[in-house]
Amino acid sequence: MSNADPHWHFTNGATLRVGTLYCIGRNYAEHAKEMNAEVPADPIVFLKPPTAYRKSGSVVSLPSWTKNVHHEVECVVVVGADADQVSEEHAWDLVAGIAVGLDLTARDIQTEAKRLGSPWAVAKAWSGSAPVSNVVPLETAGHGPWQLQCSVNGSVTQNDTTNNMERSVPQLIRFIANVFGLRAGDAIFTGTPAGVGPVSAGDVVQCSLSSIAELTVRFA
């Protein structure tokens, strides 16, 4: 697979070209607390380009310009239909499948951007910053809740349920569709629970979403 032309790979053999990755900040209260922040009144949304995507089993090269990359495990919702507006009631109709992913964050760069009031794009959207598992079709995955877990070199660092999201999948889909418009192949990273931490070259990170999706990434 060329990273210049990435595709989602579904467990039923289907593929879909990767679109815009919409990421939600502070959607778990305990993670907001560990970041010394509050849950926002409105969703915090930032974007990653398709070039951020890597499939499970990939080796992700850590950028030379950061000294502190953190793992953030997330439930990922892959969109299968176009919509410029949708209600929460019909939001699940847009979903093609569910996956588990990592929102990799250059924490030192993000911290400085926050201090300066600058955008987070460099800290969040670099090439390889969004590894994602194979996608489980919605009819198999169901609507959750799911258990999210992340381990680094075999030691569990994050473990929580999507029941603890401050905003549900339908709420996030409605908000993003109504603001940005959604297209087939787009995805929503629905936020990370507490327990984020650093990764280094040589580390192996494994993530799971209940028993339905698994992601493995090695860092170099």
Side-chain angles (χ1 to χ4, degrees), residues 3 6 8 18-35 37 39-40 43-56 58 60-63 66 68-79 98-111 113-114 119-135 146 148-152 157-162 164-167 169 172-173 175-176 180 186-200 203-209 213-219:
N3 287 320
W8 303 114
V18 175
T20 302
L21 310 180
Y22 295 93
C23 305
I24 307 299
R26 300 185 212 159
N27 202 30
Y28 289 77
E30 289 302 309
H31 172 60
K33 188 183 299 183
E34 73 178 351
M35 294 289 102
V39 174
I44 293 175
V45 183
F46 56 93
L47 310 183
K48 295 184 186 239
T51 52
Y53 167 74
R54 295 291 186 272
K55 64 180 181 178
S56 185
S58 294
V60 174
S61 297
L62 297 172
T66 174
N68 189 20
V69 171
H70 278 200
H71 64 76
E72 301 186 11
V73 68
E74 311 206 5
C75 172
V76 179
V77 176
V78 177
V79 176
I98 303 294
V100 62
L102 283 170
D103 166 20
L104 297 174
T105 304
R107 191 70 72 200
D108 49 351
I109 305 300
Q110 185 193 38
T111 298
K114 287 179 178 179
W120 297 359
V122 173
K124 286 284 194 178
W126 41 276
S127 179
S129 64
V132 181
S133 70
N134 283 350
V135 182
W146 301 280
L148 267 176
Q149 189 172 99
C150 178
S151 66
V152 180
T157 53
Q158 294 181 271
N159 189 19
D160 205 344
T161 170
T162 58
N164 289 330
M165 291 197 304
E166 295 296 314
R167 295 177 177 86
V169 168
L172 294 175
I173 291 173
F175 182 86
I176 292 171
F180 299 96
D186 290 349
I188 301 170
F189 282 62
T190 58
T192 194
V196 303
V199 294
S200 302
D203 285 348
V204 175
V205 174
Q206 294 176 299
C207 303
S208 62
L209 187 71
E214 294 183 350
L215 168 69
T216 300
V217 175
R218 183 168 65 84
F219 292 94

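Keep in mind that the numbers below use all heavy atoms, side chains included, and drop hydrogens, waters and symmetry copies. Nothing here was measured: the structure is a model prediction, and the numbers come from that model.
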Quick one: side chain to side chain contact (heavy atoms under 4.5 Å, CB included) partners of [X], sequence neighbours excluded?
X	value
Gln158	His71, Val73, Cys150, Thr192, Pro193, Val196
Pro198	Asn68, His70
Thr111	Arg107
Thr66	Pro63, Val69, Ala106, Asp108, Ile109

Got a sec: does the CD of Glu214 have more than 12 other heavy atoms crowding it under 6.0 Å?
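For Glu214, atom CD is not crowded (no more than 12 foreign heavy atoms under 6.0 Å).
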Excluding sequence neighbours, so at least two apart, what forms salt bridge (charged side-chain N to carboxylate O under 4.0 Å, His left out) with Asp103?
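Checked Asp103 against salt bridge (charged side-chain N to carboxylate O under 4.0 Å, His left out); matches are Lys48, Lys124.
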Closest heavy-atom contact between Ala123 and Trp126?
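Taking every non-hydrogen atom into account, O-NE1, 3.2 Å.
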Minimum-distance pair of heavy atoms, taken over all atoms of Trp8 and Gly19:
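Distance-wise, the nearest heavy atoms are NE1-N, 4.4 Å.
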How long is the straight-line distance from [atom2] of [Y] back to [atom1] of [X], given to the nearest 0.5 Å?
X	Y	atom1	atom2	value
Met165	Tyr28	CE	OH	5.0 Å
Leu148	Ser208	CG	OG	7.5 Å
Ser58	Arg218	OG	CZ	10.5 Å
Thr20	Leu47	OG1	CG	6.5 Å
Thr162	Leu209	OG1	CG	7.0 Å
Asn27	Phe189	CG	CZ	14.0 Å

Would you call [X] and [Y] a side-chain contact if the rule is heavy atoms closer than 4.5 Å?
X	Y	result
Leu104	Pro131	yes
Ile98	Val77	yes
Pro49	Leu21	no
Ile24	Ile188	yes

Just checking, any donor-acceptor pair under 3.5 angstrom between side chains of Ser127 and Arg54?
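Result is yes, a qualifying pair exists.
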Can you see whether Thr105 engages Glu72 through a side-chain donor-acceptor pair at a distance of less than 3.5 angstrom?
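There is such a pair between these side chains.
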Between the side chain of [X] and the main-chain N/O of [Y], is any donor-acceptor distance below 3.5 Å?
X	Y	value
Ser133	Ser56	no
Thr190	Cys75	yes
Asp186	Val78	no
Asp203	Ser200	yes

Can you name the residues that form a ring pair (Phe, Tyr, Trp, His ring centres under 6.0 Å) with [X], not counting sequence neighbours?
X	value
Tyr22	Phe180
Trp146	none
Phe219	none

Begin with the C-alpha distance, continue with both residues' side-chain angles, and end with the deciding distance and a verdict on side-chain contact (heavy atoms from CB on, under 4.5 Å) for Val100 and Val76.
CA-CA 5 Å; Val100 62; Val76 179; over 6 Å; no
Just to verify, what does Asn134 make a side-chain hydrogen bond (donor to acceptor under 3.5 Å, both in side chains) with, not counting sequence neighbours?
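For Asn134, no residue satisfies side-chain hydrogen bond (donor to acceptor under 3.5 Å, both in side chains) once neighbours in sequence are set aside.
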Run the side-chain contact (heavy atoms from CB on, under 4.5 Å) check on Thr216 and Val205 step by step: do they pass?
CA-CA 6 Å; Thr216 300; Val205 174; over 6 Å; no
